[in-house]
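Reading through the structure tokens given below for one structure.
All values below come from the heavy atoms of this structure, side chains included, with hydrogens, waters and symmetry mates left out.
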Amino acid sequence: MKLEYKNKESIDKILNGKKAKFNKPFDENINALIHGDNLSSMRTLVDSNIRFDLCYIDPPFATGSSFHTSKNRSTTVSKSSKDVVAYKDHLQGEEFLEFIRQRAIIIRELLTENGSFYLHIDYKIGHYVKAILDEVFGIENFRNDITRIKCNPKNFNRKAFGNVKDLILFYTKGKDSIWNEPRSKLTNDDIKTLFKKEDKTGRRYTTVPIHAPGETKDGATGKIWKGMHPPKGRHWRSSPAELDKLDEAGLIEWSSTGNARRIIFADEHKGKKTQDIWNFKDPAYPKYPTEKNSELLEFIIQASSNKNSFVLDCFCGSGTTLLASEILERKWVGIDESKEAVKASAEKLDTIAIMDSKLNYQHIIAK
């Protein structure tokens, strides 16, 4: 399925459009903060050898608004004589969707075959953006529509439910993406609920079946074990040889009727799988408009990249993605056309300078 609208450019035209000229040679081995248009800048990056394992973007949300920042970098609700425009979010409708589509097409070109893409958006336009990304990345590479809790409940005076969330659309370039599955520790209540049994030492455990759905006739998991066939329509989860090892290690529990189940101990559990509702609220006192939670970016970077992976944020804003990448020992490239954004990013990166020395990154102006 595709969204059709006026002035939808061909992929060839998008890929072969205007390229930015950098004011200095681009060093592919050094992190970069680029001040300029992200579309033309990324086309220039396509010609380099650099490719990214992860791209996260927090683009405009088609709000029709301008966002301001004061000289002391604190955000403002209303414009005053001391405020400057941080960025304009004036594109809407079809024009906005094409704006996102063109950048998504270039981003896909810049991803490695193991790469992942996260796009932060809101509920008003996000469903249309998903249709665009399905077209660019393929619906088979769609991984999650993540709900992000952004704030505490608010008592708006309107005939609608309160809005405390936005969404993050997660895609991969292919099947074999980098995935360092994030898990959270089990709570005491989790352990009591999930591991109801105790052994002689007081160690809590539960048991699971040693067979699984699906019949296997020729493989080892379909053969007889201790005189038993797997139940009809099922196969052993492990080969008979592996089941013997588990039994010898005391990890098989036998019932009085001869039913065998595998023992799983609570203290060996890997933790709870992260679900698609995340509670990363926005900073209470942001220093830049729409600034995101640094823990959110660290969480994404750890899940979908490795140390020394290159991370791209082509709407880098105040530089939260860049800072998180630096802390987690990833390489990074940030792009923004806003002068205020580039200043804010540089200031944020300077906060982790060691012994008053500047971080080693190239500051590039793209024209």
Side-chain angles (χ1 to χ4, degrees), residues 33-35 37-39 41-42 52 54-69 73 75 85-92 96-97 99-104 106-107 110-111 116-130 132-133 136 144-151 163-171 278-283 286-305 311-326 330 332-338 340-345 348-349:
L33 177 58
I34 301 172
H35 180 199
D37 173 69
N38 56 15
L39 188 62
S41 295
M42 287 192 292
F52 299 88
L54 171 62
C55 176
Y56 165 89
I57 63 171
D58 178 22
F61 286 7
T63 64
S65 303
S66 292
F67 290 85
H68 301 84
T69 183
R73 293 265 176 262
T75 55
V85 175
Y87 69 92
K88 295 180 180 180
D89 182 7
H90 290 174
L91 295 181
Q92 293 184 298
F96 173 78
L97 294 177
F99 171 85
I100 293 295
R101 174 176 169 266
Q102 291 185 16
R103 282 147 185 83
I106 303 294
I107 287 169
L110 284 169
L111 289 178
S116 297
F117 176 54
Y118 292 76
L119 183 143
H120 210 134
I121 200 71
D122 76 357
Y123 70 100
K124 293 180 180 178
I125 195 70
H127 304 89
Y128 296 97
V129 173
K130 183 188 181 300
I132 291 292
L133 297 185
V136 173
N144 285 106
D145 172 347
I146 299 159
T147 295
R148 200 271 306 210
I149 307 301
K150 64 180 181 178
C151 61
N163 169 234
V164 297
K165 56 90 176 175
D166 49 26
L167 60 140
I168 300 171
L169 299 172
F170 170 29
Y171 288 79
W278 298 357
N279 192 6
F280 292 104
K281 294 176 182 176
D282 288 331
K287 294 183 178 180
Y288 189 83
T290 68
E291 185 175 1
K292 295 298 182 288
N293 186 313
S294 60
E295 292 179 0
L296 166 66
L297 272 303
E298 290 177 18
F299 187 78
I300 290 172
I301 290 167
Q302 287 176 318
S304 292
S305 69
V311 177
L312 172 65
D313 185 346
C314 58
F315 292 89
C316 68
S318 64
T320 305
T321 304
L322 314 185
L323 180 65
S325 298
E326 185 73 35
R330 273 64 168 174
W332 50 266
V333 172
I335 310 172
D336 208 296
E337 67 178 354
S338 165
E340 295 302 312
V342 172
K343 284 182 180 178
S345 291
K348 184 169 286 186
L349 290 167

Lys/Arg-Asp/Glu bridge criterion (N-O < 4.0 Å) met for D282, R148: yes
To the nearest 0.5 Å, how far apart are CD1 in I100 and CD1 in I57? 5.5 Å
Quick one: are I335 and F315 in side-chain contact, heavy atoms under 4.5 Å? no
How close do C314 and I107 get, counting heavy atoms only, and between which atoms? SG-CD1, 3.9 Å
Working to the nearest 0.5 angstrom, can you tell me the gap between K130 NZ and I121 CD1? 14.0 Å
When you measure from the side chain of D313 to the backbone N and O of G334, does any donor-acceptor pair fall under 3.5 Å? no
Steps toward side chain to side chain contact (heavy atoms under 4.5 Å, CB included) verdict (M42, L312): CA-CA 10 Å; M42 287 192 292; L312 172 65; 4.1 Å; yes
So, taking the atom named NZ in K124 and the one named CG in N163, what distance separates them when rounded to the nearest 0.5 Å? 8.0 Å
Approximate separation, where rounding is to 0.5 Å, of F170 CZ and Y118 OH: 3.5 Å
Does the side chain of K281 reach to within under 4.5 Å of the side chain of C151, using non-hydrogen atoms? no
So do I300 and L54 actually touch side chain to side chain, heavy atoms under 4.5 Å? yes
Could you walk me through whether W278 and E295 satisfy the side chain to side chain contact (heavy atoms under 4.5 Å, CB included) test, starting with their C-alpha distance in whole Å, then the side-chain angles of each, then the deciding distance to 0.1 Å, before giving a yes or no? CA-CA 11 Å; W278 298 357; E295 292 179 0; over 6 Å; no
Please report the closest heavy-atom contact between T321 and I301, naming both atoms and the distance. O-CD1, 3.9 Å
Set out, in order, the CA-CA distance, both residues' side-chain angles and the distance that settles side chain to side chain contact (heavy atoms under 4.5 Å, CB included) for D336 and H35, then state yes or no. CA-CA 5 Å; D336 208 296; H35 180 199; over 6 Å; no
Separation of L297 CG from N293 CG (nearest 0.5 Å): 8.5 Å
Are R103 and F99 in a cation-pi setup, meaning NZ or CZ lies under 6.0 angstrom from the ring centre and within 45 degrees of the ring axis? yes
Applying side chain to side chain contact (heavy atoms under 4.5 Å, CB included) to L167 and I146, what does each step give before you reach the verdict? CA-CA 5 Å; L167 60 140; I146 299 159; over 6 Å; no
Distance-minimising heavy-atom pair for S345 and G317: OG-O, 2.8 Å
Could you pull out the closest heavy-atom pair between L33 and C316, with the gap in Å? CD1-SG, 3.9 Å
Nearest atoms (heavy-atom pairs only) where P283 meets P286: O-CD, 3.4 Å
Residue pair I34 / S41: nearest heavy atoms and the distance that separates them: CG2-OG, 3.9 Å
K292 with D58: basic N within carboxylate O range, under 4.0 Å: yes
About how many Å separate NE2 of H120 and OG1 of T290, when rounded to the nearest 0.5 Å? 9.5 Å
Any side-chain heavy atom of L110 sitting closer than 4.5 Å to one from C55? no
is_close_aromatic(F52, W332), centroid dist under 6.0 Å: no
Determine, step by step, whether K348 and E326 satisfy the salt bridge (charged side-chain N to carboxylate O under 4.0 Å, His left out) criterion, reporting the C-alpha distance in whole Å, the side-chain angles of both residues, the deciding distance to 0.1 Å, and the verdict. CA-CA 11 Å; K348 184 169 286 186; E326 185 73 35; over 6 Å; no
